[in-house]
Structure formats: C-alpha cells, structure tokens
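Encoded as structure tokens, the structure appears first; notes follow it.
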Amino acid sequence: MRYDLVIFDNDGVLVDSEPISNRLLAAYLTELGHPTTYEESVRDYMGSAMHRIHELIEERTGQRLPAEFDDTFHARVFAAFEKELRAVAGAAEVLCRLAREEIPYCVASSGSHERIRVGHRTAGLDSWFRDENIFSAEDVGRGKPEPDLFLHAAARMGVAPERCVVVEDSGLGVRAALAAGMDVYGFTAMTPAEKLPGARGYLRRMAELPATLGL
C-alpha cells in the first residue's frame with residue numbers, strides 16, 4: 001500500500017534522544033524524592049507528554065512535582081543534547097528518499113516544539129522540517145496514547161487518517177496511532193516488538209522503511 005502521509009514520532013525514531021532524556025528524568029525524579037531507575041523511566045514515561053509524568057507521580061505518591069519541573073528538566077535535556085545527541089542512523093537518508101519520491105511526511109511528537117527543534121538542529125535534521133510539518137502534544141489537549149495528536153497532524157497535512165502510516169517506538173504511540181485509525185510500524189531499535197502490540201510490522205533499522213513502504 002502506498003500511503004499519502006508518513007508520520008514520524010521524534011524521540012527514538014528520528015533523533016536518538018531516549019537514552020539521554022530517560023537517564024536525566026530518572027535522576028531528576030530521584031533527586032526530588034521519587035526514586036526512579038532508568039529502566040522504570042523507559043517503562044513508564046517513554047513516549048509520553050510531560051503532563052503524564054506529573055499525573056503519574058501525583059497518582060502514585062499524592063505529591064505534585066514542583067512548578068519549575070518542566071523548565072528545569074528541559075534545560076538539563078537541552079544541555080545534554082548539545083553534547084551527546086545524534087540522529088537515528090538512516091533517518092536523514094529516509095527523509096531524503098521520501099522527499100525525492102514526493103511523499104509527504106511530518107513529525108508528531110509528545111515533546112514540546114522547542115524540544116523538537118533543538119533536537120533536529122543538534123542532530124542535523126532541521127533542514128528536513130518546517131513549521132508546517134512539525135506537530136507537538138502542545139498543539140492538542142491530550143497527548144499519546146490518545147489519538148488527538150495524530151489526527152491533528154493528518155488534518156493539518158490534509159490527509160485522511162486511513163491514508164497515513166505512523167512510525168513509532170513506544171507502546172503509547174502505537175496505541176495512539178491505532179486509535180486514530182492509522183497503520184503503524186513499530187521501530188524496535190530500543191523497544192522490543194512485544195512491547196509494541198498491534199503494529200502492522202516492525203523495523204529494526206530505519207533504513208528498512210523505504211522497502212517496507214514499497215518505495
């Protein structure tokens with residue numbers, strides 16, 4: 001099937017940011033009195049918007065994270081990005097191939113617009129994206145696993161949901177794509193396929209995507 005729009009998750013799919021951000025999130029939560037390991041951060045928060053971190057901590061502990069939590073966390077993440085962040089292997093080549101084949105694509109991320117742009121600039125992917133094909137959970141009321149973000153991206157790009165395909169590396173993202181009525185391929189470079197149930201198929205390397213899409 002040839003799709004009319006390819007929607008990429010960002011963290012872990014286009015930029016190799018998940019190890020960095022989950023390491024820092026686990027450390028910051030532990031610092032605030034909510035002991036969290038790296039593995040627990042990946043399990044509980046990977047692929048989620050910031051509001052979900054606040055909600056889960058309050059639900060589990062009855063305590064609210066400090067008002068400056070988001071700003072402090074992002075400052076730490078951006079500083080680490082400048083030193084460590086790289087594009088996912090093969091991401092730039094895939095974006096080039098889609099552009100050459102004139103297949104529309106966009107990014108729909110749980111991260112903030114600032115985080116997306118900082119990541120793209122640092123990883124060297126900023127030339128492939130413009131304001132009109134960058135979508136964030138900030139744009140909608142509910143983040144993944146709700147379908148709102150993917151439906152918003154499809155609407156803004158002028159493509160029916162059933163003509164979209166999503167590339168995701170988190171269970172929350174796969175659930176959101178399915179709820180939106182879209183096909184989704186699980187990217188398993190970091191997440192085992194069994195934690196991405198419901199995907200149409202799985203990719204171990206980003207370089208596999210063009211052939212998977214029949215390009």
Side-chain angles (χ1 to χ4, degrees), residues 1-18 46-47 85-111 116-117 119-137 139 144-145 147-215:
M1 176 179 179
R2 289 283 291 229
Y3 298 96
D4 296 330
L5 177 65
V6 180
I7 304 178
F8 293 95
D9 177 40
N10 190 56
D11 294 294
V13 172
L14 294 176
V15 295
D16 194 17
S17 52
E18 292 292 7
M46 182 172 162
L85 188 64
R86 300 289 183 272
V88 166
E93 290 79 6
V94 166
L95 295 171
C96 181
R97 180 71 177 275
L98 292 174
R100 189 166 66 244
E101 298 282 344
E102 298 184 338
I103 297 174
Y105 63 87
C106 66
V107 61
S109 171
S110 293
I116 297 167
R117 286 164 170 77
H120 287 179
R121 175 181 55 77
T122 308
L125 298 179
D126 50 324
S127 64
W128 298 105
F129 292 94
R130 305 167 306 282
D131 288 348
E132 55 264 35
N133 66 342
I134 297 177
F135 305 101
S136 161
D139 302 331
K144 305 169 188 179
D148 304 39
L149 176 56
F150 288 135
L151 292 173
H152 170 71
R156 289 289 299 273
M157 296 292 290
V159 177
E162 63 270 19
R163 299 297 305 168
C164 300
V165 63
V166 177
V167 184
E168 263 287 354
D169 72 333
S170 76
L172 294 176
V174 169
R175 287 165 55 193
L178 294 173
M182 301 176 179
D183 282 348
V184 55
Y185 284 90
F187 186 53
T188 63
M190 183 172 171
T191 308
E194 59 266 24
K195 293 189 177 182
L196 303 172
R200 183 181 180 91
Y202 300 94
L203 309 168
R204 174 62 181 163
R205 297 179 300 112
M206 190 53 60
E208 298 168 14
L209 183 62
T212 299
L213 299 182
L215 303 182

Original post:
Where do Tyr105 and Phe129 land on the ring-ring contact (aromatic ring centres under 6.0 Å, His included) test, with the steps shown first?
Top reply: CA-CA 9 Å; Tyr105 63 87; Phe129 292 94; 5.5 Å; yes
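- No side-chain donor-acceptor contact under 3.5 Å links Ser109 to the backbone of Ser136.
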Original post:
Under the side-chain contact (heavy atoms from CB on, under 4.5 Å) criterion, do Phe150 and Val166 qualify, and how do the steps go?
Top reply: CA-CA 9 Å; Phe150 288 135; Val166 177; 3.6 Å; yes
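- Judged by distance alone, the side chain of Thr122 and the main-chain N or O of Leu85 form no donor-acceptor pair under 3.5 Å.
- A heavy-atom distance below 4.5 Å is found between the side chains of Val94 and Pro210.
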**OP:** Start with the C-alpha gap between Val6 and Leu98, add the side-chain angles, then the distance that decides, and say whether side-chain contact (heavy atoms from CB on, under 4.5 Å) holds.
**Re:** CA-CA 9 Å; Val6 180; Leu98 292 174; 4.2 Å; yes
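- Side-chain contact check for Glu162 versus Met182: every heavy-atom pair is 4.5 Å or farther apart.
- Asn10 is listed as a side-chain neighbour of Val15, based on a closest heavy-atom distance under 4.5 Å.
- Contact between Pro197 and Leu178 at its shortest, heavy atoms only, is O-CD1, 4.2 Å.
- Atom CG of Leu125 is separated from atom CD1 of Ile116 by 12.5 Å, given to the nearest 0.5 angstrom.
- At a threshold of 4.5 Å between non-hydrogen side-chain atoms, the residues Phe187 and Leu209 do not count as touching.
- For the atom pair NZ of Lys195 and CE of Met190, the computed distance is 10.0 Å after rounding to the nearest 0.5 Å.
- What you find for Ala153 and Phe135 is that their closest heavy atoms are CB-CD1, 3.6 Å.
- In this structure, CD in Glu208 is found 5.5 Å from CG in Leu203, a value given to the nearest 0.5 Å.
- Using modelled atom types, one finds no donor on one side chain facing an acceptor on the other under 3.5 Å when comparing Thr191 with Asp169.
- With values rounded to the nearest 0.5 angstrom, Cys164 atom SG is found 9.0 Å from Met157 atom CE.
- Using modelled atom types, one side-chain atom of Arg204 and one backbone atom of Thr188 make a donor-acceptor pair closer than 3.5 Å.
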Subject >> From CA spacing to verdict: salt bridge (Lys or Arg N to Asp or Glu O under 4.0 Å), Asp16, Arg86 >> reply: CA-CA 6 Å; Asp16 194 17; Arg86 300 289 183 272; over 6 Å; no
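- Listed here is the closest heavy atom pair of Ile134 and Asp139: O-OD2, 4.4 Å.
- Remark: Arg163 does not engage Asp183 in a salt bridge, criterion side-chain N to carboxylate O under 4.0 Å.
- A donor-acceptor pair is defined here as one N or O able to donate and one able to accept, closer than 3.5 Å; such a pair exists between the side chain of Ser110 and the backbone of Gly47.
- In terms of heavy-atom proximity, Leu172 sits nearest to Lys144 at O-CB, 3.9 Å.
- Between the Arg2 side chain and the Ile103 main chain, no donor and acceptor come within less than 3.5 Å of each other.
- Between Leu5 and Cys106, the closest side-chain pair of non-hydrogen atoms falls below 4.5 Å.
- Under the 4.5 Å side-chain criterion, counting only non-hydrogen atoms from C-beta, Pro161 is in contact with Leu151.
- Checked by atom type and distance alone, the side chain of Arg97 pairs as donor or acceptor with a backbone atom of Leu215 at under 3.5 Å.
- Expressed to the nearest 0.5 Å, how far CG of Leu213 lies from CD of Glu101 amounts to 10.5 Å.
- At a threshold of 4.5 Å between non-hydrogen side-chain atoms, the residues Arg117 and Asp131 count as touching.
- Distance check: Asn133 CG to Trp128 CH2 gives 11.5 Å after rounding to the nearest 0.5 Å.
- Using a 4.5 Å heavy-atom threshold, the side chains of Val167 and Ile7 count as separate.
- When every heavy atom of Met206 is checked against every heavy atom of Ala89, the shortest pair comes out as CB-O, 3.4 Å.
- The environment of CZ in Arg121 is crowded: more than 12 heavy-atom neighbours from other residues, nucleotides or ligands sit within 6.0 Å.
- Here the closest non-hydrogen pair linking Tyr202 and Leu196 is OH-O, 2.9 Å.
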